[in-house]
Protein chains: 2
Amino acid sequence: MPHLLLKDLPRYECLLECAQRFPQLDPSACEVFLHLLRAGDEGFRVIDAHFQAHNVSQGRFTVLMLLFEKNGGEPHVLTPAQLAEQAGVSRATMTGLIDTLERDGMVTRTPSPADRRMLSVTLTPRGQTFLESMLPEHFRRIGVLLDSLNESERRTLVRLLGKIANRAAEAFPTAAPGQA
Amino acid sequence: MPHLLLKDLPRYECLLECAQRFPQLDPSACEVFLHLLRAGDEGFRVIDAHFQAHNVSQGRFTVLMLLFEKNGGEPHVLTPAQLAEQAGVSRATMTGLIDTLERDGMVTRTPSPADRRMLSVTLTPRGQTFLESMLPEHFRRIGVLLDSLNESERRTLVRLLGKIANRAAEAFPTAAPGQA
DNA sequence: AACTTATAATCAGGCAGCTAATGATTAGGA
DNA sequence: TCCTAATCATTAGCTGCCTGATTATAAGTT
């Protein structure tokens, strides 16, 4: 599941040595890249452990959050296709996610009166309660992960991470975006 | 496969609104966290597309790299257990990875003369050639991803990402470390 | 009405990682 | 020597995600 399958990152000297053999290797770029994957993996591991304790996967959690009724907003009723689009997964995957969530009583499928091909997916009261019970710890964990960075460092991090993500999307656009 | 299943990150105002309902939610921490997962996912997507073009998974690539003979180093012959340890996967998973790599002629298993329970896994010439042919593009992609950051920004990023990873490992240690 | 095209949701099958259980071998202790 | 415990690799079966094919419905064309 993790993106980086390495217990320990290679030392910088090792990157330098490797760069002699492969002139394309930019040691400081590789170092940043490895740190990025590791930090992402570690952060994900922390929240995923909490997910597993509540018997929910990242995918199912995302679906619940997309359906979650915010403070005074409308009920957020979406079709499987809309959910798949916003979650960035294929419709087939979304079918499976909704299957599990429906079996667990978190969401319900209701046929659409206008178009019989379509369904509406709604969060049940049980799903609402579930989220409200687990979200505090979820947010607490994220807060702990970042509590050693001050506001200035956080702004810097957001800016630099944004640069990398934008560069990735621009230089290597996605070939087949999910379900175009 | 990605860690973050969201096409678009929530707006900051949305985090602020949510924070009114959940006092544990630290908006700037959440923003950094979302950016971290997204940047990690995007970076991984870029190198994984290259892996797929060469019919290799992240796991198999890691095994090949662990066995890769550096400039003048020794041949890097390892047992499946050592590979699993260094790659951070279970031994069962490593068995499967080696199965595939051996079927493709990238590595060989040889019985250990000293201890008949053990094997040695070795990179074949074909595996060596394979790595040498794909690594330049691999490193090139990492260079492109980071080419909009100067050296100062890279050092900052390494430092801040390191802080997060260390905080994660320290505040939320892994419960069952692979195969202890 | 009949035909074609597009779209919604689903089904079938695959792959990568995991845990738990198994068989073979080694090491240590009485 | 024999018994027990530990270790190595493997197998079997699970989950979560994926792609590609399938079925039902809708909409446009003639």
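In what follows, every chain begins at residue 1, and chains take the letters A, B, ... in the order their sequences are listed.
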TODO: Decide whether B:L15 and A:M134 are clustered together by the hydrophobic rule: side chain heavy atoms of Ile, Leu, Val, Met, Phe, Trp, Tyr closer than 4.5 Å, transitively.
DONE: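 In one cluster with B:L15: A:M134, no.
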Task: Same apolar cluster: B:I164 and A:V158, side chain cutoff 4.5 Å - done: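 Hydrophobic grouping puts B:I164 with A:V158.
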Select one nucleotide: of [options], the one nearest the side-chain heavy atoms of [X].
X: B:A92; options: D:dA12, D:dT19, C:dA6; answer: D:dA12
X: A:M118; options: D:dC17, D:dT19, C:dA8; answer: C:dA8
X: B:S90; options: D:dG16, C:dT25, C:dC18; answer: C:dC18
X: B:R91; options: D:dC17, D:dA24, D:dC8; answer: D:dC8
X: B:V89; options: D:dA9, C:dA16, C:dC18; answer: C:dC18
X: A:L119; options: C:dT10, C:dA16, D:dA6; answer: C:dT10

Atom-to-atom span, [atom1] of [X] to [atom2] of [N] - whole angstrom:
X: A:H3; N: D:dC17; atom1: NE2; atom2: P; value: 12 Å
X: A:Q82; N: C:dT7; atom1: CD; atom2: P; value: 15 Å
X: A:E85; N: C:dA8; atom1: CD; atom2: P; value: 11 Å
X: A:Q52; N: C:dC18; atom1: CD; atom2: P; value: 11 Å
X: B:F44; N: C:dG17; atom1: CZ; atom2: P; value: 9 Å
X: B:D48; N: D:dC17; atom1: CG; atom2: P; value: 16 Å
X: B:D115; N: D:dA9; atom1: CG; atom2: P; value: 8 Å

TODO: Kindly say whether, by distance alone, the side chain of A:R116 makes a donor-acceptor pair under 3.5 Å with the base of D:dT25?
DONE: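 Counting by modelled atom types and ignoring angles, no donor-acceptor contact under 3.5 Å is found here.
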Task: Side-chain ion pair, B:R141 and B:E137, N-O less than 4.0 Å - done: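 The answer is yes: the pair qualifies as a salt bridge.
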TODO: May I ask you to list the residues of residues 93-102 of chain A, by number, that have any heavy atom positioned under 4.0 Å from an atom of DNA chain D?
DONE: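 A:T93, A:L97, in order of number.
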Task: Check: A:E102 side chain, A:R109 main-chain N or O, donor-acceptor pair, under 3.5 Å - done: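 Answer holds: yes.
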- [ ] Report the relative orientation of the aromatic rings in B:F61 and B:F51; use parallel for angles under 30°, tilted for 30 to 60°, perpendicular for over 60°.
- [x]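 Ring orientation of B:F61 relative to B:F51: tilted.
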Open item on the list: Would you call the rings of B:F22 and A:F68 parallel, tilted or perpendicular, taking 30° and 60° as the class edges?
Closed with: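 Tilted: the ring planes of B:F22 and A:F68 meet at 30° to 60°.
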Task: side-chain N/O B:R109 vs D:dT10 OP1/OP2, d < 4.0 Å - done: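 The answer is yes; a side-chain N or O of B:R109 sits under 4.0 Å from OP1 or OP2.
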Task: Test item: side-chain donor near acceptor, A:S148 and B:R167, under 3.5 Å - done: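 No, because no side-chain N or O of A:S148 sits under 3.5 Å from a partner of the opposite role on B:R167.
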TODO: Would you kindly compare A:R117 and A:S57 by the position of their nearest DNA chain D nucleotide and give the one closer to the 5′ end?
DONE: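 The answer here is A:S57.
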